[in-house]
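These notes concern the structure reproduced below.
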Amino acid sequence: MIAYALAAVVSVGFVYYVFRRFTDDLSDDVTTLYMKETTASDVILCDAYILKDEIPLYSDAAASGSPAPTVAEGGKVGARDKVADIYVDYSPAVTNQIRILEDQISFYKRCASQNNSGGTGAIDETIAGDIVSLCRASASGDAVGAVGCRDRLLSDMRRREALTGKITDYEEKIAAIEREISSLRASLGTSLGSVYAPEAGYYFSSSDGYERTFTSEGISSLTYSAFRDMLSASPENTGRTSAGKLARDYRWYTACPMSTEDALSMTIGRSYTVTLSKNALYPMEMTLYRVLNGGDESVAIFRCDRIMEGYDYDRAQTASVTTAERQVFKVPVTAVRQYDGDEGVFVLDQVTIGFRRIDIIREENGYFLCAIPPKEEEEGEHPWMRENDVVVVTGTGLAVGMTYAPKQK
C-alpha cells in the first residue's frame, strides 16, 4: 500500500511539473479576440477633377455689387428664370434663409390646394431619416451637409403639421412669411438688378473660372495629354462680376489620375461607387466611361447621370473608388506569428494553445485583412483559421499544446 501511495504522489508531482513547465514561459498578459467575418472594400485613392458642360454667368450691375442666389445649389431652372439678385451688402446666411422661407411659401400654397388629411407614417419615417442624416453629418464635421439635413428636417416637420391639421390658415401663414422675407431683403441693402438663366439647366452660385477648360464637351475624344494641359491651365478672368454658372446637362464626369495598373483593373461600362472628399456622406454610383492611358499613369473617367441639390461640385477634390467588396477576417497585426514555417495566429481552445494558418490580403489601419479559407480543409500540418476561433492577440512564450491558465490574483 505504501508503494502505491508513493507512486500516486510521484505521478501527481510529475503532472504538476509538466503543467508548470508548459505554462511558466507564457506571460500572463494574454489577450484574445473572437474572430468574425466582416466586409471590406477594395478602394483606389486618387485625385478627382469634375468636368461638366457649363457656361459662366455674369452680372451687368456695378462691380461693387455681390450676387445673392435665389435658387438652391444644383437647382433646376428654366430659360429666363431668375437665378440671383445683385445687392450692395450680400450675406450668404440671409439669402439662404430667404430661400428656405420661399420654399415654405411654395409648400403652404400646395397644402392650401390639396387635401392633406391622412396618416403620417410615411412622413414620420422621412423625419427619422432626416434626424439620422443630421447626426451623421454633425459627427463627421460636414457643416454643409448638416445645414442641408437641418433644412430638410424643418421642411418635413412643417409638412407633418399640415397633415395633422395643426396648420389650417395658410393665407395668414404665407403673409407672415412674405413679411419676414421683405425684412430680410431690406437688410441686404440696395438691389442693383437681377441675373437670369439664358437657357434651361442647373444653377450653381460659385464660379472658379475653369468652366470653359474643364468641360465635358469633346469628352469622347479627350486624350491624356489634353487632360494634363487642363491641369496646367489658368482660370479665365473677364473682369466682370460673376453670378455663378449654369450646367446645361444633368450628366457630368469625374476624371481621376491613378496608376495604369489600378485603372486597367476596372472594367469600362461597369458601375463603381465613387466618394468625393467634400461629399463623404453621399457616395455616388458612377460608370467607368473611358481610360486615358499615359504610360505608367492613366486617367479613369467616370460618368454620373444625375445632378443632386446640395452636392459639393468643387472642381478639385480627392476621391475613393470602391472597386469590390469581399468578406474577410480582420486580424490585429500583433496577433500574426510565424510557426513551423507557416504564417498564422495562435488560438485558445478552452485552455490549450493551437495554431491556425491565415492568407493575408493586405494591411489596413493596424489590421491584416485575411481571405476566408475554402470550406474544405487543404493538406497541411496546421488548419486554416475559422470564424469563432479565439485568437491570441498578445502574449509571449506561445507554443502549440501549451496549456494556459491565468494566475489567480
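Everything numeric here is computed off the predicted structure, so don't read it as measured data. Below, all heavy atoms of this structure are taken into account, side chains as well, without hydrogens, waters or symmetry copies.
With respect to the salt-bridge test (charged N to carboxylate O, under 4.0 angstrom), the residues Glu236 and Arg212 qualify. Between Arg303 and Asp305, at least one side-chain N (NZ, or NE/NH1/NH2) sits under 4.0 Å from a carboxylate O, which counts as a salt bridge. A salt bridge does not link Lys173 with Glu171: none of the charged nitrogens is closer than 4.0 Å to a carboxylate oxygen.
Phe302 and Tyr289 have their aromatic ring centers separated by at least 6.0 angstrom.
Stacking of Lys52 on the aromatic ring of Tyr250 is not recorded, the 6.0 Å distance cut-off and the 45° axial limit not both being met.
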Legend entry - Thr334/Val393 under side chain to side chain contact (heavy atoms under 4.5 Å, CB included): CA gap, chis, key distance, verdict: CA-CA 6 Å; Thr334 55; Val393 178; 3.3 Å; yes
Inset, instruction - Tell me, with the steps shown, if Tyr311 and Tyr313 meet ring-ring contact (aromatic ring centres under 6.0 Å, His included). - result: CA-CA 6 Å; Tyr311 195 80; Tyr313 291 90; 4.8 Å; yes
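For Thr260 and Asp296, the side-chain atoms include no donor-acceptor pair closer than 3.5 Å. Counted by atom type alone, Thr352 and Asp349 present zero donor-acceptor pairs between their side chains at under 3.5 Å. No side-chain N or O of Glu54 forms a donor-acceptor pair with one of Thr215 less than 3.5 Å apart. Using a 3.5 Å distance cut-off with no hydrogens or angles, the side chains of Glu297 and Tyr224 do pair a donor with an acceptor. Under the 3.5 Å distance criterion, with hydrogens and angles disregarded, a donor-acceptor pair is assigned to the side chains of Glu211 and Ser207. Side-chain contact of Ser205 with Glu73: a donor-acceptor pair under 3.5 Å is present, judged by distance alone.
At a threshold of 4.5 Å between non-hydrogen side-chain atoms, the residues Glu343 and Ile360 count as touching.
Applying the ring-ring contact (aromatic ring centres under 6.0 Å, His included) definition to pairs two or more places apart or across chains, those involving residues 333-368 are Tyr339-Phe346, Tyr339-Phe355, Tyr339-His382, Phe346-Phe355, Phe355-His382.
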